S.K.: 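The structure that follows is given in the form of C-alpha cells.
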2 protein chains.
Amino acid sequence: MNKQSYLAAAEQHCLHRGCKLTALRRHILELVLEYDGVVKAYQVLADLQRERGVAAPPTVYRALDFLVEQGLLHKVDALNGFVVCSHFECNHHGLILVCEQCGRVEEIDASQFLGALKEVTEAVGFESREQNLLLTGLCKACHA
Amino acid sequence: MNKQSYLAAAEQHCLHRGCKLTALRRHILELVLEYDGVVKAYQVLADLQRERGVAAPPTVYRALDFLVEQGLLHKVDALNGFVVCSHFECNHHGLILVCEQCGRVEEIDASQFLGALKEVTEAVGFESREQNLLLTGLCKACHA
DNA sequence: AGGGAAGTGTTATATAATAACATAATGACT
DNA sequence: AGTCATTATGTTATTATATAACACTTCCCT
Ligand SMILES: [Zn+2]
Ligand SMILES: [Zn+2]
Ligand SMILES: [Zn+2]
Ligand SMILES: [Zn+2]
C-alpha cells in the first residue's frame with residue numbers, strides 16, 4: 001500500500017470511528033510514514049519545526065496519541081517510539097519484532113497467540129490492557 | 001521469602017555469576033524491596049538522598065541496571081519502572097503482569113506460550129532473544 | 001608497592017512527556 | 001446570521017526520565 005492510499009484509508013478509518021483525521025494529524029502521520037521502523041516523537045517534532053519554524057512538544061504528542069488511539073500507530077514503550085500499523089483495519093493485536101542488529105522493525109499479527117495469552121491472564125483475574133508486545137532479536141537477514 | 005534471606009540469596013546469585021553485590025548495590029536493592037510492586041528510579045534516588053543528603057541519578061541507575069542484568073529486577077518499560085524478581089534462581093521466562101492502578105506485580109508461568117510465540121516469530125524468520133514478557137492492565141482487585 | 005579493572009562520586013546535559021492556560025475552529029441549534 | 005458548547009491547536013513552562021563525561025577511589029592481582 002502506498003502512502004496516499006494509506007492516508008485515504010486512515011481518513012476513512014477515523015470517520016468510521018466517529019472522529020476526524022484533521023490536517024495536522026494527517027500531516028504528522030505523513031511525517032511518521034517518511035521513516036522506516038520506529039520513530040521518536042522528537043524526530044517528528046524536529047521535522048515539524050523545520051517546516052513551520054516553531055512547534056512545541058504538545059502539538060506532536062497530541063497528534064501521536066490520537067493516532068495511537070485510532071490504531072494507526074503503535075507505541076513502542078521499550079524504545080520510546082512509535083511505529084506505523086499497516087493493518088489497522090483488522091482488529092488485531094500486534095507483535096512487534098525489533099532487530100537488535102539492524103534496527104529493522106516488523107509487525108506480525110499474533111492475535112491468536114495474544115488471545116490465548118489473554119485467557120491465561122484472565123485465569124488469574126488479570127484484565128490485560130490491549131497492547132502490543134515487543135520482542136528483540138535478530139531478523140531474517142541478520143541471523144542468516 | 002523474607003528480605004534478609006532474599007538479600008543473602010541475591011548475593012550468592014551474583015557471586016555465582018562472577019560479580020559482586022556491593023554494599024551500594026545491595027542497599028539499593030533493599031530500598032527497592034521496601035516497595036510493593038513497581039518502583040521508579042527517582043523514588044529510589046529520593047530515598048537515597050533522604051539518607052545521605054546527596055545522591056545523583058547515575059548512582060541509582062547504575063545499580064538498577066546492574067540488578068536488572070543479574071536478573072534480580074525486571075525493567076517495566078511501559079511504566080518506566082522496576083520490579084523485584086522473586087525467583088531469579090530458576091531460569092525462568094515468565095509473564096509479568098503489572099497493575100496500572102495499584103502497581104501490584106505478579107509473575108505467572110507462560111512457558112507453553114513462549115514455545116508458541118517462538119514458532120510464530122520463527123515463521124517469519126525472526127530469531128527472538130529469550131526474554132520476559134510484560135503486560136500491563138488491571139489486577140483482580142482493581143478491575144473488580 | 002605497582003598497576004589495571006571495576007566501582008562510585010560529581011557535574012552537566014540530553015531526552016521524553018505533561019500541565020496549564022490561551023486562542024481558534026467547528027458544528028449544532030435557534 | 002448569532003449564540004454557545006465542543007473540539008482542536010497554540011504557547012509557555014515545567015516535570016520526569018536517563019545518560020555523558022570525567023574525576024577519584026577501591027579492589028585485586030602480580
Ligand atoms: Zn498493528
Ligand atoms: Zn536485522
Ligand atoms: Zn522474574
Ligand atoms: Zn491493582
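Quantities reported herein were computed from a predicted structural model and do not represent experimental measurements. Proteins come first, then strands; the chains are lettered A, B, ... in the order of their sequence lines, and each starts at number 1.
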S.K.: Does atom NZ of Lys75(B) have more than 12 heavy-atom neighbours from other groups under 6.0 Å away?
M.R.: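 Atom NZ in Lys75(B) is packed in, count exceeds 12.
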S.K.: In terms of side-chain heavy atoms of Pro57(A), which of dG10(D), dG9(C), dA17(C) is nearest?
M.R.: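 The nucleotide sitting nearest to the side chain is dA17(C).
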S.K.: Does Arg25(B) or Ala55(B) map to a spot on DNA chain C nearer the 5' end, using the closest nucleotide for each?
M.R.: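 It is Arg25(B) whose nearest nucleotide is closer to the 5' end.
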S.K.: For DNA chain D, which ranges pair as stems of 3 or more consecutive Watson-Crick or G-U pairs, with both donor-acceptor distances under 3.5 Å?
M.R.: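 Correct response: C:1-30 with D:1-30.
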S.K.: Quick one: on DNA chain C, does Ala23(B) or Pro58(A) contact a more 5' nucleotide (nearest heavy atom)?
M.R.: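 Closest to the 5' end, via its nearest nucleotide, is Ala23(B).
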S.K.: Below 4.5 Å, heavy atoms only, C-beta onward: do His87(A) and Asp109(A) meet side chain to side chain?
M.R.: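 Yes, at least one pair of side-chain atoms sits under 4.5 Å.
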S.K.: dT19(D) C1' sits how many Å from Asp65(B) CG, rounded?
M.R.: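 Atom-to-atom, Asp65(B) to dT19(D), this comes out as 10 Å.
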S.K.: Ile96(A) versus His74(A): any side-chain heavy-atom pair under 4.5 Å?
M.R.: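 A side-chain contact under 4.5 Å exists here.
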S.K.: If you only use heavy atoms from C-beta on, which nucleotide in dA17(C), dA18(D), dT11(C) is closest to the side chain of Ala41(A)?
M.R.: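 Closest of the options to the side chain of Ala41(A): dA17(C).
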S.K.: What about Tyr42(A): does its side chain form a donor-acceptor pair under 3.5 Å with the base of dA14(C)?
M.R.: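 In this structure, the two groups form no donor-acceptor pair.
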S.K.: Whole-Å distance between dT19(D) P and Phe66(B) CZ?
M.R.: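 Rounding to the nearest Å, CZ of Phe66(B) and P of dT19(D) are 17 Å apart.
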S.K.: Provide, to the nearest angstrom, the distance between the OH atom belonging to Tyr61(B) and the P atom belonging to dA16(D).
M.R.: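 Value for this atom pair: 12 Å.
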S.K.: State, without any angle test, whether Tyr35(A) and Asp47(A) hold a side-chain donor-acceptor pair at a distance under 3.5 Å.
M.R.: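 Result is yes, a qualifying pair exists.
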S.K.: Contact between Val60(A) and Ile28(A) at the side-chain level, heavy atoms closer than 4.5 Å - yes or no?
M.R.: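 Of all side-chain heavy-atom pairs linking Ile28(A) with Val60(A), at least one is under 4.5 Å.
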S.K.: Side-chain donor-acceptor pair under 3.5 Å between Gln70(A) and His13(A), yes or no?
M.R.: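 On atom types as modelled, these side chains do not qualify, holding no pair under 3.5 Å.
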S.K.: Using OP1 and OP2 only, check whether a side-chain N or O of Lys75(A) sits under 4.0 Å from dA16(C).
M.R.: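 Indeed not, no polar side-chain atom of Lys75(A) lies that close.
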S.K.: Students often get this wrong, so: under 4.0 angstrom with heavy atoms, is Thr59(B) touching a base, only sugar-phosphate, or nothing?
M.R.: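 Base: the residue Thr59(B), judged by heavy atoms under 4.0 Å, touches a nucleobase.
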S.K.: What is the distance, to the nearest angstrom, from the CG atom on Leu48(B) to the P atom on dT10(C)?
M.R.: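 Whole-Å distance recorded here is 11 Å.
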S.K.: Does Lys40(B) have a side-chain nitrogen or oxygen under 4.0 Å from the phosphate oxygens OP1 or OP2 of dT17(D)?
M.R.: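 True: Lys40(B) side-chain N/O within range (under 4.0 Å) of dT17(D) OP1/OP2.
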S.K.: Can you see if the side chain of Asn80(A) gets near the phosphate of dA17(C) - specifically, an N or O under 4.0 Å from OP1 or OP2?
M.R.: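 So the side chain of Asn80(A) is within the cut-off, an N or O lying under 4.0 Å from OP1 or OP2 of dA17(C).
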S.K.: What is the distance from CG of Leu45(A) to C1' of dT15(C), rounded to the nearest Å?
M.R.: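 Going from Leu45(A) (CG) to dT15(C) (C1'), I get 12 Å.
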S.K.: Rounding to a whole Å, what distance do you find between Leu15(B):CG and dC28(D):C1'?
M.R.: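 Roughly 15 Å, once rounded to whole Å.
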S.K.: Just the rounded figure in Å: distance from P of dT10(C) to CZ of Arg52(B).
M.R.: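 Interatomic distance, CZ of Arg52(B) to P of dT10(C): 8 Å.
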S.K.: Centre-to-centre under 6.0 Å for Tyr6(B) and Phe88(B), is that the case here?
M.R.: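 For Tyr6(B) and Phe88(B), the ring centres are under 6.0 Å apart.
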S.K.: Salt bridge between Lys3(A) and Glu30(A), side-chain N to carboxylate O under 4.0 Å?
M.R.: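 Here Lys3(A) does not pair with Glu30(A) in a salt bridge, since their nearest N and O are not under 4.0 Å apart.
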S.K.: Rounded to whole angstrom units, what separation is found between the CG atom of Leu24(A) and the P atom of dT26(C)?
M.R.: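 In whole Å, dT26(C) P lies 13 Å from Leu24(A) CG.
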S.K.: Quick one: which of dT9(D), dA21(D), dA17(C) gets closest to the side chain of Arg62(B)?
M.R.: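 Output: dA21(D).
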